[in-house]
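Notes follow the structure.
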Amino acid sequence: MHRVRIAPLNRTIRWMAAAVLGAGLAGFSPPALAAAPSVTVSADQALRFGSFFTDTTGTRTVSATGSVTGSAIIPLTGTSPGPAQFTVTYDRGNNANTSYSLLIAVLVPGTASQVSGGVTGTIASFDTDLPGVNALLPGQTAQVTLTGCQRRICSRTFRVGGTLQVARTSGGAQLAIPVPIVVTLLAEL
Amino acid sequence: MRGRLLLAAFAAVIGTPALAASGQSATALGQAQAVIVMPIIAVSLNDLDFGSLTSSRTASGSVTVGAEGGATYAGGTSPACAGGGACAGIAPARFLVSGEAGRSYTVSAPAAITATGTLLGGGSAPALAIDSLSVHLDSHAGSVTSMGQLDDKGEDRIGVGGRLNVPAGTAAAHYRATLTIMVTYG
């Protein structure tokens, strides 16, 4: 009488089943190990106030929509005024095909200003075309919900305008004022 | 039991996306640019001087000083300088324009002005007309134009000439007029 040993065969079948299931998981669109979500922001274009003359003090406003107004200045030929442009990009970390929104905070950390010779330029306020945000005050966070994200990468381009206050005691100047923008991801909704 | 654990893990992978890492920040350094142009100014270097001249009792005349210098007399006028030669003081008005290097500008000057006179013996003399005012910009040497360009030092020079009309029988007097020009960036 022969005894049939079936235990080793069972183990073989189990390992094969695990291998087949593992292969199935690997073939599915989301990777088994999703990357960590990340957010980045890039500065695409500078905020351009153009060329102008002012006797002692004056202001020039370039809005996020591109309209230009001024007070106590004389516009001159030169670079055309225009708003700054930034792009915020969110990498969800996986390829799940579901729609989602992002809640982000946008911050201009401090007053942007520069002194160059006898000219002082200060940008005390910014505006933007981000939905629901009219003014970006230095040091104050604005919360924005970006809707309509669908794919793994979700990016939005937004424009930033501002009002440049100029005080001039002598001469002229070419101002290049740093404008840092901090974007913080608050939640994926 | 193993099979159930495996299936549970499978369901978890396809059902739930990775959660966002809230609080994650990113910074971009943008820039705001502006060119604040220094003022443009014009300073008088010397006056438009018609010098000394004589006038006829019967014929009207004129003296014209060119924007680049030189004087011509017409009609009943003639120079009244020592020896009858050219008068040293005759000269066009000269202005120094200062502003942003390389920028273009325009100059505007009146077409005519009026000189008021003081008789040598005292009292006011009849006014004389100065017309045909012409402008010469050093940055446009050889051509008369109202648009100039500041050089690498942010400077240019302007000459202004004109014609003084002297009616017949004009009494001896000192005449003076104010010539105002305006320069603006183009």
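Lettering follows sequence order; numbering is per chain, from 1. The basis for the numbers below is simple: all heavy atoms, side chains too, and nothing from hydrogens, waters or symmetry mates.
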Taking atom CD as the centre, does B:E155 end up with more than 12 heavy-atom neighbours from other residues, nucleotides or ligands that are less than 6.0 angstrom away?
yes
What part of A:S42 gets within 4.5 angstrom of chain B, counting heavy atoms only: side chain, backbone, both, or neither?
backbone
For atom CE of B:M182, is the number of surrounding heavy atoms from other residues, nucleotides or ligands below 6.0 Å larger than 12?
no
Do B:E100 and A:L76 come within less than 4.5 Å of each other through their side chains, counting heavy atoms only?
no
Where on A:R60 is there a heavy atom nearer than 4.5 Å to chain B: the side chain, the backbone, both, or neither?
neither
Heavy-atom pair of closest approach, residues B:G186 and A:T77:
O-OG1, 3.9 Å
Quick one: does any side-chain atom of B:Q24 pair with a main-chain N or O of A:P37 as donor and acceptor, under 3.5 Å?
yes
Side chain, backbone, both or neither: which part of A:A112 has an atom under 4.5 Å from a heavy atom of chain B?
neither
Between chain B and each of A:P178, A:G50, A:A84, count heavy-atom pairs under 4.5 Å; write down the option with the most.
A:G50
Examine whether an atom of A:I181 lies under 4.5 Å from a heavy atom of chain B, and if so say whether it belongs to the side chain, the backbone or both; otherwise answer neither.
both
When you group the ILVMFWY residues by side-chain heavy-atom contacts below 4.5 Å and let the links chain together, are A:L103 and A:L107 in the same group?
no
Please tell me if the side chains of A:L175 and B:I36 come closer than 4.5 Å, counting only heavy atoms from C-beta onward.
yes
Note: A:F53 and B:V37 closest approach over all heavy atoms is CD1-O, 3.2 Å
Give the minimum heavy-atom separation between B:G30 and A:A43, together with the two atoms involved.
CA-CB, 3.9 Å
Part of A:V41 lying under 4.5 Å from any heavy atom of chain B
both
For each of B:P39, B:A28, B:S25, tally heavy-atom pairs with chain A at distances under 4.5 Å, and name the one with the top tally.
B:A28
Heavy-atom pairs under 4.5 Å with chain A, option from B:L29, B:I40, B:T184 with the top count:
B:L29
Turns out that what part of A:S170 lies under 4.5 Å from chain B's heavy atoms comes down to neither
Of all heavy-atom pairs linking A:G171 and B:M38, the shortest is C-CB, 3.4 Å
Tell me the closest heavy-atom pair linking B:A34 and A:F52, and the distance in Å.
CB-CE2, 4.4 Å
Highest number of heavy-atom pairs under 4.5 Å with chain B: which of A:V182, A:V179, A:L164?
A:V179
